[in-house]
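As structure tokens, the structure follows; a few thoughts come after it.
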Amino acid sequence: MNETWKTLGFYPADILLPKAGTDMTRWAVVACDQFTSQPEYWQAVEETVGDSPSTLRLILPEAGLNAPGVEDRIAAVNDSMGQYLKEDLFRTLENSLLYIERTQSDGKIRRGLIGMVDLERYDFTPGSGALIRATEGTVLSRIPPRVRVRQDAPIELPHVMLLIDDPDRTVIEPLAGGAGAAEKLYDFDLQQGGGHLTGWRLTEAQMDDAAAALAGLCAPEEMEKKYGMGNAAPLLFAVGDGNHSLATAKQCYENAKKSVPESEWESLPARYALVEVVNNHDEALQFEPIHRVVFGVEPEKVLEALKAFYPGAYEGEGEGHVIAYTHAGGRGHITVPEPKMQLAVGTLQTFLDQYVQEHGGEIDYIHGGGVTDRLGGRPGNIGFKLPAMGKEQLFKTVMADGVLPRKTFSMGHAQDKRYYVEARKIK
């Protein structure tokens, strides 16, 4: 193996794909943390999949993560994984990187590179100097239920997307269209309006080129050029999507380390996690705001409490952080002048966390302004819509200030999220 990979914390992997003849449209389903307040979406997926082999049987949609009978559903997921392995459903692409092109719902093509990361090189602690870092605050209480899903699973399916800051497009873009030499693996339409997906297996020469280009991104001169921080610990990968999923993989690995001597840690399958790498400068990649809906509250009381929480806040749009709201009684805006937080999401989240702790209610994180208005407009709910963060701010902010507030941004609309296709053994 090319020794450069060891310096990057990113490696080719033994990747599992369903064998030829599998209906790939039914096989692939969207990330489990999408459409959490829209059960009709997951019902439509269920109807589309039917009895066909599908990643739907290998995941637990987060809409049901705290539902009654969740332990039985987790056991059913693990049983399905074991059954698919027993039935020899998969073929193994040993020591491989995959290049993929995702045609989004807007017609733009987003390019990615699939391999595995070394969880020893990843840290979600705010202010960490790890090569692979979280971009948003990690909610520790969200990890244990996800650990229950992963800890006994024989395989993993990734929806984690890592970003690289590659303005000169040296790593992924040279692979466009498979660059002639790569083996095409799949080419199919995604269900439920997810667009289209094509994937190729890279040659040894293409993998070596990718390793060299990635190494160039974390050189001191690059850190100085991009961030004015040549002496700082390099940041190569920033978590764009799936922050809590990667944190869960990290926790499962830390748990596994306790049962074996340190000399065996490197060989633990749980030490690594399959991910997709995307260039932050990919023109198809757009940062969308993640909105909030608070369920089980009296909207007018929430708004009055928000204005009291930030003295000087007022109805209407003005200078400062402007937050739109929708409830059954109407719509409007609250402006918080001279905010202490850098982003409006931080201003809102700080208030909401305290409010639900003191008064009750439940916060959900919503992709799409229309869905936020629809859910927020139901009696007993209130929706808050936030402005988008410019993606050019991401790496500089993480380098300088550490993580952003949780659920600050989403990479594209819900239907454009990563779909589960590839898998990897973790037992």
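Checked against the 6.0 Å centroid threshold, Y99 and W200 count as a close aromatic pair. The six-membered or imidazole ring of F10 lies near that of F237, with a centre-to-centre distance under 6.0 Å. Between H291 and F384, a ring centre-to-centre spacing not shorter than 6.0 Å is recorded.
Between E254 and K257 there is a salt bridge, with a side-chain nitrogen of the basic residue lying less than 4.0 Å from a carboxylate oxygen of the acidic one. Using a cut-off of 4.0 Å between Lys/Arg side-chain N and Asp/Glu carboxylate O, R271 and D118 are scored as salt-bridged. Contact check on E315 versus K307 returns a salt bridge, with a Lys/Arg side-chain nitrogen under 4.0 Å from an Asp/Glu carboxylate oxygen. Ionic pairing of R148 and E71 is present here: one or more N-O contacts between side-chain nitrogen and carboxylate oxygen are shorter than 4.0 angstrom. Taking a cutoff of 4.0 Å between a charged side-chain nitrogen and a carboxylate oxygen, K225 and E221 do not qualify as a salt bridge. Between D282 and K108 there is no salt bridge, since no side-chain nitrogen of the basic residue lies less than 4.0 Å from a carboxylate oxygen of the acidic one. Checked for salt-bridge contact, R57 and E46 meet the test: a charged N lies under 4.0 Å from a carboxylate O. Electrostatic pairing of E173 and R111 does not count as a salt bridge here, judged by no charged N lying under 4.0 Å from a carboxylate O.
Between the CG atom in L285 and the CG atom in N279 there is a gap of 8.5 Å [rounded to 0.5 Å]. Here D241 contributes atom CG and E276 contributes atom CD; the two are 9.5 Å apart, rounded to the nearest 0.5 Å. If you take NE2 on H333 and OH on Y314, they are separated by 12.0 Å, rounding to the nearest 0.5 Å. Atoms CG and CE, on L157 and M81 in that order, are 5.5 Å from each other to the nearest 0.5 Å. Here the OG1-OH distance, from T335 to Y310, works out to 13.5 Å after rounding to the nearest 0.5 Å. One finds the CD atom of E288 at 8.5 Å from the CG atom of D416 (value rounded to the nearest 0.5 Å).
Below 30°, between 30° and 60°, or above 60°: for F287 and F409 the angle between ring planes is below 30°, a parallel geometry. Ring-plane geometry between Y272 and Y11 is classed as perpendicular, the angle between the planes exceeding 60 degrees on a 0 to 90 degree scale with a lower cut at 30. Between Y186 and F188, the ring-plane angle classifies as perpendicular under the 30° and 60° cut-offs.
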query = Are T198 and R102 close enough, and set up right, to give a side-chain contact (heavy atoms from CB on, under 4.5 Å), and what steps lead you there?
reply = CA-CA 7 Å; T198 310; R102 169 72 176 278; over 6 Å; no
task = For side-chain contact (heavy atoms from CB on, under 4.5 Å), just list the numbers for L16 and R424, CA-CA rounded to whole Å, side-chain angles, deciding distance to a tenth of an Å, and then say yes or no.
result = CA-CA 6 Å; L16 304 179; R424 177 181 155 269; 5.6 Å; no
request  = Kindly determine whether N255 and Q251 satisfy side-chain hydrogen bond (donor to acceptor under 3.5 Å, both in side chains), including the steps that lead there.
outcome  = CA-CA 6 Å; N255 293 344; Q251 185 60 59; 3.0 Å; yes
Intermediate values then yes/no, side-chain hydrogen bond (donor to acceptor under 3.5 Å, both in side chains), D123 and T125 = CA-CA 6 Å; D123 193 348; T125 306; 2.8 Å; yes
task = Please report the C-alpha distance between V117 and Y122 in whole Å, then the side-chain angles of each, then the deciding distance to 0.1 Å, and finally whether the side-chain contact (heavy atoms from CB on, under 4.5 Å) criterion is met.
result = CA-CA 8 Å; V117 289; Y122 160 69; 5.9 Å; no
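A side chain to side chain donor-acceptor pair (under 3.5 Å) with R146 is found for exactly one of Q151, H244, E62, namely E62. Across L98, I15, I155, a single residue satisfies side chain to side chain contact (heavy atoms under 4.5 Å, CB included) together with L274, and that is I15.
In summary, the side chains of T25 and D189 do not present any donor paired with an acceptor at a separation below 3.5 Å, with no hydrogens or angles considered.
Heavy atoms of other residues, nucleotides or ligands lying less than 6.0 angstrom from CD of E319 number 12 at most.
When every heavy atom of V160 is checked against every heavy atom of R418, the shortest pair comes out as O-CD, 4.4 Å. When all heavy atoms are compared, the tightest approach of P289 to P387 is CB-O, 3.6 Å. Closest heavy-atom contact between P339 and T347: CB-OG1, 4.0 Å.
Here the side chain of T135 pairs no donor or acceptor atom with the backbone of A238 at under 3.5 angstrom.
Side-chain contact between L236 and I132 is absent, with no heavy atoms from C-beta onward closer than 4.5 Å.
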